[in-house]
Amino acid sequence: MHNIKDIRNNFDVFKSKIKSRNVNFKLDIIIDLDLKNRKLIKEKESLENKKKEISKSRDKTLFVKSKEMSKKIDKIAKDQLIVKKELDEILSSLPNLPLDDVPLGIDEKSNKEIKKYGEIKKFDFNPKSHYEIGENLKMLDFDLASITTGSRFVFVYDKLALLERAISNFMIDTHTQLNGYKEISPPLMANLGSMYGTGQLPKFENDQFEIKIENKNERKFLIPTAEVILTNMVKDTMVNLKNLPIRVVASTPCFRKEAGSYGKDTKGMIRQHQFYKVELVSIVENSKCLDELERMTKSASMILDKLKLPYRKVLLSTGDMGFSAEKTYDIEVWLPSEKKYREISSCSSCGTFQARRMKARYKNKENETVFLGTLNGSGLAVGRTLISIMENYQTKDGSIIIPEVLRPYMNNLDKIQKN
RNA sequence: GGAGAGAUGGCUGAGCGGUUGAAAGCACCGGUCUUGAAAACCGGCAAAGGGGCAACUCUUUCCUGGGUUCGAAUCCCAGUCUCUCCGCCA
């Protein structure tokens, strides 16, 4: 959520930053609404003040007048509320402002590669896609999932299911033991307030799976990412400075409608309605967001280092960033079958953007109440990690070598092969 | 699902129609003392919004939304959440 005062004082900067995010919305209306809003507030408050005086005087002869004023106040308050609501609706649907070092661009083509890591393996055969490998092993079944559930779901069997579980456990252990994150097993549903807090609502409602609930005052959603729940752990709270930074990690299923991506990645496990993801969330003093972003990105990429998978770090452009982000690094892993890097993690600093929506604050050293900084990142997407292991560690006969760091998590199994 | 109890500032907790934005304690910040710290003592300390260059000032807020009243944290109605007991159940 944007601060109207900041917008007012720096409208041109605000305008150009929002524009850089490919929002075409006539922003000038914000100024109009703000002016109108403040005018009505002024009117209302002056009447309220007079009314208060009457009440304080306890002068019975003025009581009638006071009653009239109440009616007037009600009317103005109603008008004011309409204006305020319109203003808030606009402000809450505008994305965060990108930091100055974020490359300008309309999509991923403008992303800036920071660095490549690891070595791309040369195969002496034509590497297969993960879904070919999985189906040959009879350990992935997309057809069955489409019968029981629908498209973009999958059954994972046997040793491949074990591998998926191992990946998740390995990641959590790494983050808790080496990177200072605390493990959480959170609810997998979020209420309206939480969805708003992290920025999934109101703008991206049609990407969310909503749970049907009898009580229509109550809305619940399956989490599209654990970020929603983990970040909202500080919603409406005043965090004690000495408890910062807060670093938490959770492995959860994530649910997304993937509306608008019809025909994209329809084959395989790349883009599913349900997938596991290990999520990192940091809650920090707002001045420390950028340091924390570097730290978080390192924590995430450490996983790929340990798995010995080739990847690259990319700085996203203004057009490719998520709604709440002010700066985002993507980590992209090499997929031999596609002969390109694919996103496996996205680490974002949201600055105070989410904290404003959540009313999540702390008292700084000067004893002022200020908004927290929030960051989130995948550490990593489990499904896509599974894919990348299958593809990068495949052998000519269709088996999969288990990366060494995962073997302790798989009863020391070193290879998955056809039964 | 049935029966009760509750929701007040960062926290604990008083207040139950009119100088109550709200006692007290804790926490926090500043100071005195101390070689330093602790303790003790003194002082400060809610948020959001409006107006003002500023000092400052005004409005709103005691779970949420309605209502009664000149006036509501306090009274009435509806809802949400939390806790306790009973039932059912992983």
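Just so we're on the same page: letters track the sequence lines, and every chain starts at 1. Just so you know, these numbers use all the heavy atoms, side chains as well, and skip hydrogens, waters and symmetry mates. None of the values given here were measured: they were computed from a predicted structure.
- Contact annotation for A/I54: no contact, since no heavy-atom pair falls under 4.0 Å across all strands.
- Note on A/R361: only backbone sugar-phosphate atoms sit closer than 4.0 angstrom, heavy atoms only; bases stay farther off.
- At the heavy-atom level, A/K5 lies under 4.0 Å from the strands shown only through sugar-phosphate atoms.
- Comparing B/A73 with B/C63, their C1' atoms sit 12 Å apart, to the nearest whole Å.
- The separation of B/C26 from B/G13, taken at their P atoms, amounts to 15 Å, rounded to a whole angstrom.
- Remark: A/K56 is not in phosphate contact with B/C70, judged by side-chain N or O atoms under 4.0 Å from OP1 or OP2.
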How does RNA chain B look in dot-bracket form if you count Watson-Crick and G-U pairs under 3.5 Å, write [ ] for pairs that cross, and put | where a base pairs with another strand? ((((((((.[[[..)..(.....]]].(((((.......))))).((((((....)))))).[[[[[..)....]]]]])))))))....
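- Nucleotides B/C16 and B/A23 are separated by 15 Å at their C1' atoms, to the nearest Å.
- Contact annotation: A/R38 reaches the phosphate of B/G51 (side-chain N/O to OP1 or OP2, under 4.0 Å).
- Among the atoms of the strands shown, only primed sugar atoms or phosphate atoms (P, OP1, OP2) are found under 4.0 Å from some heavy atom of A/S66.
- Residue A/D265 is tested with A/R342, A/R152, A/R384 for a salt bridge (Lys or Arg N to Asp or Glu O under 4.0 Å); the sole match is A/R342.
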Distances for protein N or O near nucleotides 58-63 of chain B N or O, under 3.5 Å:
unit_1	atom_1	unit_2	atom_2	d
B/C58	O3'	A/N49	ND2	2.8
B/U59	OP1	A/N49	ND2	2.6
B/U59	O3'	A/E48	OE1	3.2
B/U59	O2'	A/E48	OE1	2.7
B/U60	OP2	A/K52	NZ	3.0

